[in-house]
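Data first, discussion second: the structure below is written as structure tokens.
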Amino acid sequence: MPSGQRAQWKGFLKFGKVSCGVALYTAASTSERITFNTINKATGNRVNRIFIDSETEDPVPKEAQTKGFEIENGQYIIIDPEEISAAIPESNKTLEIEAFIPCSDVDDVYFDKPYYLTPDKMGGDAFVALRDAMKKSMVAAIARTVLFRRMRTVLIRPHGKGLIASTLNYDYEVRSSEKAFEEMPKLKIKGEMLDLAKHIISTKKGEFDPATFDDRYEAALADLVKAKLEGKSLPKPKKVQVSKPNDLLAALRESAGLMKAAADKPKRTAANANTGTGRQRAARAAAKSAASKAAPQRKAS
């Protein structure tokens, strides 16, 4: 069990006649992001959300609210929360594996949310046997169960010492790629232009290291909060110039020259695994520190 983290779901993992107790833990979280409240400009007070009737504009208290499905413009079928609860599939708390498939069979567009899947103390042997067999067979598992009040399809894969379970989008939830790309121009790039593009790619090859990718938006928000508290202004970002078709070949030639010069320089040491996160936390800490210093001044004023 991960230290200090609560399981999002507990149940059983079943494959064939074998089952073991397991738990799901959130693998990705947005809890550390900077968040904002909606404020009344005139008073500086936080704004509360109030539901109002669309016709009478009278406030509607929570106990008077229900659910409705729109069948025509302004016409609704009223559905009580109890009726919705009754329609939820019954959960037997079993994540039952239906099939083992090649890992590459599932298109990334179907991936929803990742969870770490861990065994309980009594099911360790069965869990490890499944993990190691899947690793050697280079397969993933498709399973189904009720998660968070909905029937979900889950893709299970070996991951480090355990397994990772990713909920999958349903087919009706995934939009057609043909429609997304239907207005793509029919162009064929060849000759020097294609060779230069391939050269730029070859000089920029690397490995995926998530620690080297900073959340620049999050860091910018922290800098903005800190600057506002200190009465400073931030420099305006430079606009990105989009390459025009007539200038594309010249831009590729210039880029290829820059890439070659960069490739000739000694390579830097790989970034520390916590570098990006550390910078973001430092930025947030600086903003919070500035906020705490400014708080007494705001009260005094």
Side-chain angles (χ1 to χ4, degrees), residues 1-33 81-177 207-211 213 273-274 276-277:
M1 172 179 176
S3 177
Q5 189 176 352
R6 289 182 58 188
Q8 296 294 304
W9 178 89
K10 286 186 177 182
F12 301 92
L13 177 62
K14 184 177 180 182
F15 54 105
K17 298 294 183 181
V18 181
S19 62
C20 60
V22 291
L24 287 176
Y25 293 88
T26 303
S29 172
T30 59
S31 62
E32 290 193 17
R33 288 181 181 174
E82 293 78 12
E83 294 176 305
I84 297 174
S85 298
I88 296 172
E90 186 177 348
S91 172
N92 62 359
K93 289 290 186 179
T94 301
L95 194 58
E96 185 162 2
I97 294 176
E98 298 182 353
F100 293 98
I101 63 172
C103 292
S104 58
D105 271 12
V106 180
D107 193 313
D108 290 354
V109 74
Y110 286 93
F111 282 68
D112 179 30
K113 293 182 180 179
Y115 297 89
Y116 294 127
L117 185 61
T118 66
D120 64 15
K121 294 179 180 179
M122 299 300 293
D125 291 349
F127 185 93
V128 171
L130 175 64
R131 180 202 66 191
D132 291 351
M134 288 175 65
K135 277 184 179 179
K136 290 187 177 180
S137 302
M138 292 186 291
V139 295
I142 291 287
R144 283 165 60 85
T145 192
V146 176
L147 289 177
F148 319 122
R149 301 172 66 129
R150 291 196 66 184
M151 178 62 73
R152 301 304 303 258
T153 304
V154 179
L155 183 73
I156 301 172
R157 295 165 291 162
H159 187 85
K161 295 180 179 180
L163 298 170
I164 192 164
S166 300
T167 52
L168 300 179
N169 294 315
Y170 284 107
D171 191 50
Y172 73 86
E173 296 175 310
V174 176
R175 296 179 176 178
S176 168
S177 60
E207 296 180 353
F208 177 65
D209 181 3
F213 296 101
N274 295 317
T277 305

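Numbering starts at 1 and runs along the sequence shown. Values in this document were obtained by computation on a predicted structure and should not be read as measured data.
The distance from the OG1 atom of Thr145 to the CZ atom of Phe12 is 11.5 Å, given to the nearest 0.5 Å. Expressed to the nearest 0.5 Å, how far CG of Leu24 lies from CD of Gln8 amounts to 8.5 Å. Note that CD1 of Ile142 and OG1 of Thr153 are 7.0 Å apart. Values are rounded to the nearest 0.5 Å. Once rounded to the nearest 0.5 Å, the distance linking CG of Leu95 with OG of Ser19 reads 12.0 Å. To the nearest 0.5 angstrom, Met138 atom CE is 10.0 Å from Ser104 atom OG.
Nearest approach of Ala23 to Lys10, heavy atoms of both residues: CB-CG, 4.0 Å. Scanning all heavy atoms of the two residues, the minimum distance from Leu117 to Phe127 falls at O-CZ, 3.2 Å. The minimum heavy-atom distance between Phe15 and Ala126, with the atom names listed, is CZ-O, 3.7 Å. Contact detail for Val146 and Met151: the closest heavy-atom pair is CG2-CE, 3.9 Å.
A donor-acceptor contact shorter than 3.5 Å links the side chain of Thr94 to the backbone of Asn92.
Residue pairs meeting the ring pair (Phe, Tyr, Trp, His ring centres under 6.0 Å) criterion with at least one member in residues 81-101, sequence neighbours excluded, do not occur. Under the salt bridge (Lys or Arg N to Asp or Glu O under 4.0 Å) criterion, the residue pairs touching residues 92-105 are Glu98-Arg144, with sequence neighbours excluded.
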Residues 155-165, side-chain donor-acceptor partners within the protein, below 3.5 Å, at least two apart:
residue, atom, partner, partner atom, Å
Arg157, NH2, Ser166, OG, 3.1

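Arg149 is linked by a salt bridge (charged side-chain N to carboxylate O under 4.0 Å, His left out) to nothing, counting only residues two or more places apart in sequence or in another chain. Residues meeting the side-chain contact (heavy atoms from CB on, under 4.5 Å) test with Ser176, sequence neighbours left out: Glu178, Lys179. With sequence neighbours left out, the side-chain contact (heavy atoms from CB on, under 4.5 Å) criterion links Asp107 to Val109, Tyr110. With sequence neighbours left out, Ser31 forms a side chain to side chain donor-acceptor pair (under 3.5 Å) with Ser29. Glu173 pairs by the side-chain contact (heavy atoms from CB on, under 4.5 Å) definition with Arg150, Asn169, Tyr170, not counting sequence neighbours. A search for salt bridge (charged side-chain N to carboxylate O under 4.0 Å, His left out) contacts involving Asp112 returns Arg152, not counting sequence neighbours. Partners of Tyr115 according to the ring pair (Phe, Tyr, Trp, His ring centres under 6.0 Å) rule, which considers only residues two or more places apart in sequence or in another chain, are Phe148. With sequence neighbours left out, Arg131 forms a salt bridge (charged side-chain N to carboxylate O under 4.0 Å, His left out) with no residue at all. Applying the side-chain contact (heavy atoms from CB on, under 4.5 Å) test to Ala133 and every residue at least two apart in sequence or in another chain returns nothing.
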- Task: Before giving the answer on side-chain contact (heavy atoms from CB on, under 4.5 Å), spell out for Thr26 and Gln5 the whole-Å C-alpha distance, their side-chain angles and the decisive distance to 0.1 Å.
- Result: CA-CA 9 Å; Thr26 303; Gln5 189 176 352; 4.1 Å; yes
